[in-house]
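In this text the structure is predicted, and so the values were computed from the model without any measurement. Only this structure's heavy atoms are used, side chains among them; waters, hydrogens and symmetry mates stay out.
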Amino acid sequence: MTAVPPGTPAPADLLIVDTDVVTMAPDRQVVTDAAIAVVGGRIAAVGTTDALRAAHPGSPELDAAGCLVVPGLVNAHQHTTADPLVRSSIPDDVPSKQAIFDWIVPLHAAVDGDDDELAATLTAVEALTRGVTTLLEPGTVAHPLRVAAGLRTAGIRGRVGRWGWDTPGAPYAAPPAETLAAQAETVAALAGDDLVTGWITLVGHDLASDELFVGAADLAARLDVPMTLHLSPGPDDVAAYAAAGRNRPVLHLRDLGVLGPRLVLGHAVWIDEAELAALVHSGTAVASCPGAYLRLGQGFTRAGRHTEFLRAGGRLALGADSHNAGDTPDVWRAARLLAGVDRDRGAADPLRADEIFALATVDGANAVGLGHLTGSIEVGKAADLVVLDTRTVSWIPRGDLPTQLVWGAAGHTVRDVLVDGRPVVRDRRITTVDVDALRTEATQRRAALLRRAGIDIPHRWPTVPATQYRARRTPRPA
């Protein structure tokens, strides 16, 4: 076989041509009239269309004329099990603790592996159609390998863990040694997967012993993987730690040696000055889910300090939580809500649109330890790319790009999505999953899951078949 000389033109896997590119590279340049070459799942080049066609003759092309290419968005905290099958069903007039323990936990206790895989697929499909290419599951998962299979089928980049708590009597709870062994098993089973990997996941709050907290941190370090847990989305954790004679939650974790750059802390809303400083000093990342805090009434507008945390040098990312809290895995909405709440409560130095979009992409990726791989459009990084159709009315005319991306609800203009160079959304349609079949199965599984959990979802509006409907006559004005 004759060797091919270095530099010899060869086809790329795909050329995205005649477009504008929001790189989110350190200089934040926007490259106009450009093309992107994708080879082996990576970004091989960004340049003019003519130059990349010459360098990669005979390549398949994606025509992106009149469009804008941005990096895939990063969702740093997204539950994928149970909730997606009963989305928008838990009453929004019950306290957050009641919503979790009277509704969500019983539903999770009733799921089977088919439920978990289907729910994960459904979540990933919805996320991808909204331009989210990376999704981190924070661990309320009974069947992690089935969840990983669901994410992989849809084609999203993900991290998966499993239930991690040792609270007596709780579903899937177990003694620390058994819990940690199950965590290690998940990480090992997903090792070597290019798309969906494992990480250490604790429920957190006040639902883990000190032995489990410390053991999980040690396990994450030994396996060289990240770790996540929930803490202080509302005031309950602070009160529970005080009642148990513990320090404030973040400071207690600091004293245990759990904080650090390996940890992604879900929420951390109700924190004081000392806790904020401990998070920044330790390099602990925080995943902010503003939609969930507002939906559950957890006091984000009163207590949230995520902007202050970021301004102090903290590592911040965005999340959407669950389908009965954030209600949709939509990072565009999370970004807009964070920006709006910040401004409305009169923050001294509110986040600008360009900073918010960075949290949704490159800064979010950096916060969760994936900045080397995704979050910006740079040569060598994974081709996690989103094509926005800026020929739509909401883009006429184009304004300041970060302002329009964050405040202009750009998510509804997602046209095409690539993950690791693979087209998973084309012309607004998912390419990896039969959505009609997904709809049918999800509807059937919703009913079966609710029956097994013994939960009857209340409906505030009565429904009647048309054959029984009798419209009320509107009186004519006198």
Side-chain angles (χ1 to χ4, degrees), residues 21-30 36 38 41-43 46 69-78 124 127-128 130-138 151 155-161 193-199 224-228 260-266 283-289 306 309-310 313-320 329-335 338 351 353-386 388 402 405-406 410-411 414 417-422 424:
V21 179
V22 174
T23 65
M24 296 308 292
D27 55 13
R28 299 295 194 261
Q29 286 184 327
V30 177
I36 302 171
V38 177
R42 298 295 173 124
I43 299 165
V46 178
V69 182
V70 301
L73 276 57
V74 176
N75 186 338
H77 189 97
Q78 180 64 57
L128 289 167
R130 296 176 185 274
V132 176
T133 57
T134 298
L135 183 155
L136 278 59
E137 218 308 334
L151 300 181
I156 202 165
R157 189 180 302 284
R159 279 187 185 146
V160 175
D193 191 312
D194 291 334
L195 203 62
V196 182
T197 59
W199 62 334
D224 192 22
V225 295
M227 170 179 165
T228 192
R262 199 178 295 278
L263 177 63
V264 179
L265 201 59
T284 301
V286 170
S288 176
C289 307
H306 290 163
F309 168 70
L310 183 67
R315 300 163 58 218
L316 187 66
L318 291 172
D330 186 350
V331 175
W332 301 98
R333 188 172 78 160
L338 181 61
L351 295 173
D354 60 304
E355 295 174 305
I356 292 284
F357 191 67
L359 291 179
T361 53
V362 64
D363 287 352
N366 285 331
V368 300
L370 290 171
H372 66 287
L373 183 64
T374 191
S376 62
I377 301 175
E378 300 180 79
V379 172
K381 283 196 173 184
D384 295 351
L385 306 170
V386 177
L388 303 176
L405 286 166
V406 171
V414 171
V417 178
L418 279 69
V419 178
D420 216 34
R422 178 191 184 192
V424 292

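The pair D384-R157 meets the salt-bridge criterion, since a charged nitrogen lies less than 4.0 angstrom from a carboxylate oxygen.
Across A320 and P329, no two heavy atoms sit closer than the pair CB-CA, 3.8 Å. Between M24 and S376, the shortest heavy-atom distance links the atoms O-CB, 3.5 Å.
Applying side chain to side chain contact (heavy atoms under 4.5 Å, CB included) to V417 and the options V132, I156, T133, L73 leaves one that passes, T133.
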Q.
Go through it in stages, so that I can follow the logic: the residues are T197 and V225, the test is side-chain contact (heavy atoms from CB on, under 4.5 Å), and I'd like the CA-CA distance, side-chain angles, deciding distance and then a yes or no.
A. CA-CA 9 Å; T197 59; V225 295; over 6 Å; no

**Q.** V46/I377 under side-chain contact (heavy atoms from CB on, under 4.5 Å): CA gap, chis, key distance, verdict
**A.** CA-CA 9 Å; V46 178; I377 301 175; 4.2 Å; yes

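T134 places none of its side-chain heavy atoms less than 4.5 Å from the side chain of V368.
Of the possible polar contacts, one joining the W332 side chain to the R130 backbone as a donor-acceptor pair under 3.5 Å is found. Between the side chain of R333 and the backbone N or O of G411 there is no donor-acceptor pair closer than 3.5 Å. With hydrogens and angles ignored, the 3.5 Å screen pairs no side-chain donor or acceptor of T228 with any backbone N or O of L265. Although no hydrogens or angles enter the test, the distance criterion places a donor-acceptor pair under 3.5 Å between the side chain of D27 and the main chain of Q29.
When the side chain to side chain donor-acceptor pair (under 3.5 Å) test is applied to R262, the partners found at least two apart in sequence or on another chain are D224. Listed by chain and residue number, F300 satisfy the ring pair (Phe, Tyr, Trp, His ring centres under 6.0 Å) test with H306 (two or more places apart in sequence, or in another chain). Annotation: side chain to side chain donor-acceptor pair (under 3.5 Å) contacts of T23 (sequence neighbours excluded): none.
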